[in-house]
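Here the structure is laid out as structure tokens; the discussion comes afterwards.
Note: hydrogens, waters and symmetry copies are ignored here, and every other heavy atom, side chains too, is used.
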Amino acid sequence: MVNGEVKKGEVYLYWIGKKEAQGTEIKKIRPGVVISTNNLNRWNYRFIIAPITKRTKTFLKFEVPVVVNSKCGLAILDQIKTVDKSRLIKKLGELTEEEMLTIREKLDLVFD
């Protein structure tokens, strides 16, 4: 489990078990970006995460190209999930302000 404060825009390796996920839901250990506000994050026990995939070639309107530690991927905004802090394995990095602004804009497509 990760110690310390978790903030919006930070990228963590996290896990969702295969038995917990259904159908096309994201499962396994993968990176994800924290998209919940720091007002929520300050409670430090539950966070809203957008998973990041290694796929980079074709992307949908609700997927955002991101770079984490020089590795390209896509933040998948139609697969966001609330996770307990115990699911966070380790911090991998942080997205840029521009990437986070794009994520914010694209979330409107998911919740329109």
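The NZ atom of Lys81 sits 8.0 Å away from atom OH of Tyr14, with the distance rounded to the nearest 0.5 Å. The line from OH of Tyr12 to NZ of Lys90 is 12.5 Å long, rounded to the nearest 0.5 Å. Rounded to the nearest 0.5 Å, atoms CG (Leu107) and CD1 (Ile80) are 6.0 Å apart. Note that CG of Leu101 and CD1 of Ile103 are 9.5 Å apart. Values are rounded to the nearest 0.5 Å. Considering CH2 of Trp15 and CG of Leu88, their distance stands at 11.0 Å, rounded to 0.5 Å. Note that CZ of Phe47 and OG1 of Thr37 are 11.0 Å apart. Values are rounded to the nearest 0.5 Å.
Under the rule for a side-chain contact (heavy atoms from CB on, under 4.5 Å), the partners of Thr82 that lie at least two apart in sequence or sit in another chain are Arg46, Ile48.
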Atom pairs and distances, side-chain donor-acceptor, residues 92-100, under 3.5 Å, sequence neighbours left out:
residue : atom : partner : partner atom : Å
Thr96   : OG1  : Glu99   : N            : 3.0
Thr96   : OG1  : Glu99   : OE1          : 3.3
Glu99   : OE1  : Thr96   : N            : 2.8
Glu99   : OE2  : Val67   : N            : 2.9

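Here the side chain of Arg30 pairs a donor or acceptor atom with the backbone of Ile52 at under 3.5 angstrom. Remark: side-chain polar atoms of Asn69 are not paired, donor with acceptor, to backbone N or O of Lys71 under 3.5 angstrom. In this structure a side-chain-to-backbone donor-acceptor pair under 3.5 Å is present from Lys106 to Lys61. With Gln79 contributing its side chain and Ile76 its backbone, the two residues share no donor-acceptor pair below 3.5 Å.
Minimum interatomic distance between Asn41 and Val6 (heavy atoms only, all atoms of both residues): CB-O, 3.3 Å.
Under 3.5 Å, the side chains of Asp84 and Ser86 contain a donor-acceptor pair of N or O atoms.
Taking hydrophobic clusters as Ile, Leu, Val, Met, Phe, Trp and Tyr residues chained together by side-chain heavy-atom distances below 4.5 Å, Leu60 shares a cluster with Val33. Ile35 and Leu40 are members of different hydrophobic clusters when ILVMFWY side chains are connected at heavy-atom separations under 4.5 Å.
Other residues, nucleotides and ligands place no more than 12 heavy atoms under 6.0 Å from the NZ atom of Lys7.
Inter-residue side-chain proximity for Val11 and Val66 is flagged as unmet; no heavy-atom pair is nearer than 4.5 Å.
Hydrophobic cluster membership of Trp43, counting Ile, Leu, Val, Met, Phe, Trp and Tyr whose side-chain heavy atoms lie under 4.5 Å apart directly or via other members: Tyr45.
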List the steps and the verdict of side chain to side chain contact (heavy atoms under 4.5 Å, CB included) for Leu77 and Val64. CA-CA 8 Å; Leu77 303 181; Val64 177; 3.9 Å; yes
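No salt bridge links Glu5 with Arg42; every basic N to acidic carboxylate O contact stays at or beyond 4.0 Å.
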